[in-house]
Structures are given as C-alpha cells and as structure tokens.
Amino acid sequence: MSNAIIEVKQLSKQFKSNVAVNNVNFNIRKGDIFGLIGPNGAGKSTLLKMIGGLIYPSSGEIHLFDHTMRENHPYFERMGLLIEEAGIFPHYSAYKNLDLIAISYGIKNRKKHIEQLLELVGLDKSNKTKVKNYSMGMKQRLGIAMALIGSPDVLILDEPINGLDPQGISEIRQLILELNKTGITLIISSHILEELSKVATTYAILHHGKIIEIISKEELLLQCEDRIELEVDDPKMTVLILENHLGIQRYKVIDDHTIYVYETDIETQQIIQSLAENKIFVHSIAKHKQSLEQYFLERTGSSGGADD
Ligand SMILES: Nc1ncnc2c1ncn2[C@@H]1O[C@H](COP(=O)(O)OP(=O)(O)O)[C@@H](O)[C@H]1O
Ligand SMILES: [Mg+2]
C-alpha cells in the first residue's frame, strides 16, 4: 500500500497527431488539495477527464485507491466530477436538478442527502427559482453540489473559479476548504496560479501536455517570498555574522556562495557593512521580489489568461 489515493503513471492522450497529455506522472495523497495549473490548451481538462474515467488514455495507467483503473470500474463512482459545463437543466430548480441525478444514482434518502448538499454549498433548499436565473457563482455552487451526490472521496473541479467575480471566487475558495476539512481529496485546475494560491496544498504545473514542476505550497510560498540574495566567498562565516551581529534568523544557504535572507526589513547596506567589518567580501547583494504570477509565467512562458 502506498499512501497515495491517486497515482498517475506515464499517462498520455493523443488526439490524431496532437498529443494533449504527454507522459504525465504524479501521486495525490488522501486529504490533498491538488492544484493543476496550466495555460489554456495545456491539457488540464483532458488529464482530468482521464482521471475521472470520462475518456480513456492512449497509454499509461491510473491507480485509484490502490486499484488499476479499467473501463467502467466501480471505483470511478467514488469520484465526483465537475468538468467543463455541468449538465444543468436551466428550467428546473437547484433541488430538482440534484434530485434527477440522485434518482439516476439510486440514492436512498434522497431528500435528506440533497438538503444537506444544498446547505453545504450555500444554496437555499426552499428556493424554487429556475437555475437559468442564477448568478455564475450560484450555478458553480450547484455544479459542485451535483458532483457531490453520492458522497465521493475525491472531487475533481475543472476551473471552478473561471469567470467568477471576486465575491464568487472567495465563496468557492471557502467551500473548497470546507469540503477538504470533511476529508474529501480535491483536484482543482486553473490557468491562473494566483487563484489557487490560497487553497491548494500541492501544485503541478502543466505545459504543452507535460508536467514541468510539482511543488508544495510551502516551497512555492518560500520561492515567491521577498528575499535578499547574497553572494559571498564564505557562507559559513557569513551565517554567523548574520545571526550574531544582525540578529537575522530566517535565511537559507543555497550553495557554496549564495545565501537567501528572508528578513527584508533590514537594509542591504547594513549587511554589507557588517560583513566588511568582519573581512567578508560581498560579490553581490540584491533584493528579489517575484509574484506567484511571475513565477508561473517564467515556467510556462505564456500569460495564462491572455488567450481567453
Ligand atoms: N476531443 C478532442 N479532440 C481533439 N482534440 C482535443 C480534444 N479535447 C482536447 N483537445 C486538444 O487537446 C489539447 C488540450 O486541451 P485541453 O485538455 O482542453 O486543455 P486545457 O483544459 O488545459 O485548456 C488542445 O490542443 C485541444 O485542442
Ligand atoms: Mg480546460
């Protein structure tokens, strides 16, 4: 047994000559919020559809709950999906939309299950309004409720924040965190890293069908935290001076010459002076600032939202 709830191994999908997903590998642990980030056309929806069992891989494997997935495997039922357009009937109420799915799934105690889901996603159970009159945010929350019918262990949400206003974005983020607290593992895609930056525990950056980086939330935040980059000859001595003379606690020795200092309220001049007094020559010192979006663009070389 591994502690991964989902394992994707050498997964590829080819549409004629177009390789939409190219030899992708990753693991998702139970309780993760796995953020799949990539510009439009990167292959996010195709990858999520394969994991959700909606389309079949050209090659590679998906292991779900430690079982290799084959066509129509019952374990696919332990996943809830909201990929591209949710199949919402616009002329029915939210309740009725959910009831139709619950009937088709053979859910017992449908009324209770549906009322609980409506409450969970923040929709009024007695609201008879036709869904066509709902806001984008309400429709999106209904889509999530639809994916939650049958109480899945894993929820796959493809760009759930796309097109929402700031209020809607914040509500969906809140909902994602609440669902995760109940023990649900989530896979969420976005073409904007910033959008998922407050929720995901792990990020995979997908570009032209390939995973180019998998990074934990902690590592990503550290990468994008303001820092002073220092190049010196003697990092060991330098660290002693940083700590003892300047009281700096948060730093990281990167290699034989480079130290990152994460306490940026200190003046670079002060560091240079202290080191010079102790006969340490500073080759270079620079303040480094990088937003999450710059980090993403540097890796994908494209603006995620530009070709919407
Ligand atoms: N059903 C399909 N038939 C042919 N090509 C497809 C199909 N679905 C997706 N593609 C192609 O695969 C690539 C990845 O698409 P997609 O997975 O939708 O990317 P994303 O969701 O990241 O925007 C694109 O080049 C797209 O045109
Ligand atoms: Mg897509």
Side-chain angles (χ1 to χ4, degrees), residues 6-26 28 32-62 64 69 71-72 76 79-88 136-137 139-144 146-147 154-164 168-169 172-173 175-176 186-197 199-200 202-215 220 292-293 295-308:
I6 296 172
E7 285 177 78
V8 170
K9 292 186 179 170
Q10 295 174 343
L11 198 66
S12 295
K13 180 72 182 182
Q14 188 158 355
F15 297 109
K16 297 200 174 119
S17 64
N18 180 7
V19 184
V21 172
N22 192 349
N23 197 16
V24 160
N25 295 281
F26 57 76
I28 301 177
D32 271 353
I33 303 180
F34 189 84
L36 183 66
I37 315 291
N40 291 318
K44 301 180 297 296
S45 299
T46 304
L47 178 55
L48 296 181
K49 282 178 195 164
M50 285 193 281
I51 297 173
L54 298 180
I55 59 172
Y56 299 113
S58 306
S59 60
E61 287 177 12
I62 300 165
L64 195 55
M69 291 297 101
E71 283 179 39
N72 302 323
F76 281 127
M79 286 198 282
L81 315 173
L82 175 57
I83 298 183
E84 289 170 353
E85 292 284 285
I88 290 176
M136 278 281 281
K139 274 186 200 155
Q140 201 61 301
R141 281 184 274 149
L142 172 60
I144 293 174
M146 288 160 79
V154 177
L155 185 62
I156 299 180
L157 304 176
D158 190 16
E159 308 231 22
I161 290 170
N162 206 2
L164 299 184
I169 292 176
I172 297 291
R173 274 190 188 137
L175 177 57
I176 287 168
L186 288 109
I187 311 178
I188 307 164
S189 73
S190 177
H191 61 272
I192 303 171
L193 181 56
E194 196 85 46
E195 282 183 346
L196 292 187
S197 67
V199 292
T202 304
Y203 297 84
I205 299 181
L206 189 72
H207 189 40
H208 294 315
K210 289 189 177 162
I211 297 278
I212 53 172
E213 183 169 37
I214 294 180
I215 183 167
L220 177 68
L292 287 170
E293 233 33 55
Y295 182 89
F296 178 55
L297 292 181
E298 232 171 57
R299 276 146 191 84
T300 59
S302 64
S303 158
D307 50 356
D308 255 3

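The figures here come from the full heavy-atom set of this structure, side chains too, leaving out hydrogens, waters and symmetry mates. Remember, it's 1-based here, ligands and their atoms both numbered in the order they're listed.
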Counting non-hydrogen protein atoms only, what is the nearest one to atom 18 (O) of ligand 1? Give residue, atom name and distance. S45 CB, 3.9 Å
Atoms in ligand 1 with a heavy atom of P39 nearer than 4.0 Å: 22 (O)
Check whether any side-chain heavy atom of L47 sits under 4.5 Å from a side-chain heavy atom of F26, and report yes or no. yes
Any N/O/S atom of S189 sitting less than 2.8 Å from the Mg ion (ligand 2), backbone or side chain? no
What protein heavy atom sits nearest atom 6 (C) of ligand 1, and how far away is it? F15 CD1, 3.2 Å
Tell me, do I205 and Y295 make a side-chain contact under 4.5 Å, heavy atoms counted? yes
Testing the 3.5 Å rule here: is there a donor-acceptor pair between the side chains of S58 and Q14? no
Just wondering, do L81 and L48 contact through their side chains at under 4.5 Å, heavy atoms? no
Working note: I161 + I192, criterion side-chain contact (heavy atoms from CB on, under 4.5 Å); need CA distance, chi angles, decisive distance, verdict. CA-CA 10 Å; I161 290 170; I192 303 171; over 6 Å; no
May I ask you to list the atoms of ligand 1 that are less than 4.0 angstrom from any heavy atom of A20? 12 (O), 13 (C), 14 (C)
Indicate yes or no: does an N/O atom of G43 lie under 3.5 Å from an N/O atom of ligand 1? yes
Run down the list V19, T46, V21, L206 and name the one with the heavy atom closest to atom 17 (O) of ligand 1. T46
Nearest protein heavy atom with distance in Å, relative to atom 23 (O) of ligand 1: G41 N, 2.7 Å
Residue of the set I187, I33, L64 for which side-chain contact (heavy atoms from CB on, under 4.5 Å) holds with I28: I187
Would you say I211 and N25 make side-chain contact, with heavy atoms under 4.5 Å? no
Quick check: does N18 get an N/O under 3.5 Å from an N/O on ligand 1? yes
Under 4.0 Å to a heavy atom of N40 - the qualifying atoms of ligand 1, by number: 23 (O)
